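I have placed the structure first, in the form of structure tokens, so that the comments after it can refer back to it.
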Amino acid sequence: MTPSHSLLNSNMPSGSASLIWFRKGLRIHDNPALEYASRASAFVYPLFVIDPHYMEPDPKAFSPGSTRAGISRIRFLLESLADLDLSLKKLGSRLLVLKGEPSEVLIRCLKEWDVKKICFEYDTDPYYQALDNKIKNYASLAGIEVFSPVSHTLFNPADIIEKNGGRPPLSYQSFLKLAGEPSWASSPLLVELSSVPPVGDVASFEISQVPTLKELGYVQNDQEELTPFRGGESEALRRLRESLSDKEWVANFEKPKGDPSAYIKPATTVLSPYLKFGCLSSRYFYQCLKDVYKNVKRHTSPPVSLVGQLLWREFFYTVAFGTPNFDKMNGNKICKQIPWNDDDELLAAWREARTGYPWIDAIMVQLREWGWMHHLARHCVACFLTRGDLFLHWEKGRDVFERLLIDSDWAINNGNWLWLSCSSFFYQYNRIYSPTSFGKKYDPHGDYIRHFLPILKVVSHDSASKECRRKMGEAYALNKKLNGVVSEDDVKSLRRRLDEDGGQEARGRRQRQKLIS
DNA sequence: TGTGCGTTGAAATC
DNA sequence: GATTTCAACGCACA
């Protein structure tokens, strides 16, 4: 339950090797695990393990990608790894990439490289809790030091739960009272590393470069829209600086006042995917925000402020960590038991952006193409799927978000689905987002809707009727030519021919559309 | 048992 | 655009 931090053997004999295992925390700045691995070690092995369970292409999934992740998030991860590799190279090291079941790969590395200490960021997700226990058990039997610091979040969720008598707080306000200021708030974060000890001999391992999507076996379709957001620590810090440069905007930020239909310049920072992968340290972000607040007359406060958004993240991490079966309705003590309907066709209509409500469908397209939507847009489609309109299970919607969002985070995603479906935290089920009027409030001219809805779904009468006339003309001509005796095969081959022509035209239209926008 | 409160509803009203 | 009204939930705390 608690992170281990042993200070034994801090003066290693020269020649000793350490291993830093990257999972989240894909950054150099504010990275205590990397810093500790680098201290008093002759060699440091920076390792990322490509877990086939997470990364293997799955052609049967409902969208391009692996079983668990859509292709946009996989690309984001690969970009983050490439950036990390580049930064490590500047420090005299590099990222080692291996494939396989992580605990098997790790244990083999520890043995073959004669590693004396293994360092990895503490992780509260159930998947890593189980995996990390395996590694910790092996390490303790083998006499290897384990350093697993809390650096993904501002607080250690276990500390908050302990302060509250063993139960996680269930409201934001009670969370705030328990949490207070982070212990490190007034002290400077770690000094930037100037170098990392060299990588040692890799023995019999075949180390690969950071792979591309293609090398992982993904077949990319030109038509496919991938997220416009690029992964990596460098991009995270660039984006952070860009957001922070407008001090007034930072100081006056109020989450509920943002415009969910803003897509040219989103109403929020869009730092969530960088926080999710740890390309950006939440603690560094927190300190930067506090610095801005110090230099302005007045600023907004939690829950609506930017610091408030970081604290929402902490809130959900804490509740998720302290609640068994947090990601399910069954067996989840804080979740209302609701007889949701089970209807795969309705679910598919929602997922595939064909509910017939343009506001809802446009948001679902943005989800699929960008892997990111404004928080309020997420509210609208989640409410619609569950308690608002379709009455389908929040777990089904959760699965779709978990796959397609580039910022999908186990605790936050599940927490928000519990919230929006009125299964926990929030219970005013009579407050329903209207799938029409809510969107109209922000997008009265339909700019957002037209930008994201597939052009063929919003039928343009001019081009559609022209196309229909063309097809009818061809068909009539065929009928006339054959004196009205038209076989099924004749019809089939005509359809094929018309579709080919039409298909090309549609592709051309999309290309032109792209150039314009 | 009563009361106040909870990140961001919609529609009517000013 | 801000405020009021509507209808109304569970939960914490007294």
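Here is the naming used below: chain letters follow the sequence lines, and residue numbers restart at 1 for every chain. Only a predicted model underlies this, so the values are computations on that prediction, with no experimental measurement involved.
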Checklist line | A:E121 side-chain N/O to A:F22 backbone N/O, donor-acceptor pair under 3.5 Å | finding: no

Margin query: I'd like to know if A:R378 pairs up with A:D407 as an ion pair, taking the criterion as any Lys NZ or Arg NE/NH1/NH2 lying under 4.0 Å from an Asp or Glu carboxylate oxygen.
Written below: yes

Note to self: A:F316 vs A:D409, test: side-chain contact (heavy atoms from CB on, under 4.5 Å). Steps then yes/no.
What the structure shows: CA-CA 10 Å; A:F316 285 123; A:D409 180 298; over 6 Å; no

Checklist line | Nearest-angstrom distance from the residue atom NE2 of A:H375 to P of B:dG9 | finding: 11 Å

Check: Cation-pi between A:R239 and A:Y274: NZ/CZ under 6.0 Å from ring centre and within 45° of the ring axis?
Finding: no

Protein-nucleic acid N or O pairs under 3.5 Å, nucleotides 10-14 of chain B:
residue: B:dA10; atom: OP1; partner: A:S434; partner atom: N; Å: 2.6
residue: B:dA11; atom: OP2; partner: A:S437; partner atom: OG; Å: 3.2

Next item on the list: Nearest whole angstrom, please: distance from the P of B:dC5 to the CD of A:Q173.
Entry: 11 Å

Next item on the list: Indicate, with a heavy-atom threshold strictly under 4.0 Å, whether A:K336 touches base, sugar-phosphate, or nothing.
Entry: sugar-phosphate

Item checked: Whole-Å P distance, C:dC6 and B:dT7 -> 25 Å

Next item on the list: Check the pair A:W184 / A:Y286 against ring pair (Phe, Tyr, Trp, His ring centres under 6.0 Å), numbers first and verdict last.
Entry: CA-CA 11 Å; A:W184 44 264; A:Y286 182 93; 5.5 Å; yes

Notebook entry, point to check: Do A:E56 and A:T67 pass the side-chain contact (heavy atoms from CB on, under 4.5 Å) test, and can you show the C-alpha distance, the side-chain angles, and the key distance before you say yes or no?
Noted result: CA-CA 7 Å; A:E56 195 81 42; A:T67 308; over 6 Å; no

Item checked: A:W410 six-ring centre to A:K24 NZ/CZ under 6.0 Å and within 45° of normal -> no

Note to self: Can you work out whether A:Y427 or A:R431 has the more 5'-proximal nearest nucleotide on DNA chain C?
What the structure shows: A:R431

Checklist line | B:dT7 pyrimidine/purine six-ring stacking with A:W312, under 5.5 Å and 30° | finding: yes

Notebook entry, point to check: Quick one: are the ring centres of A:Y128 and A:F120 less than 6.0 Å apart?
Noted result: no

Notebook entry, point to check: Name the stems with DNA chain C in them: runs of three or more consecutive Watson-Crick or G-U pairs, distances under 3.5 Å?
Noted result: B:1-6 with C:9-14, B:9-14 with C:1-6

Margin query: Determine whether a donor-acceptor pair (one donor, one acceptor, N or O, separation below 3.5 Å) exists between the side chain of A:H379 and the base of B:dT7.
Written below: no

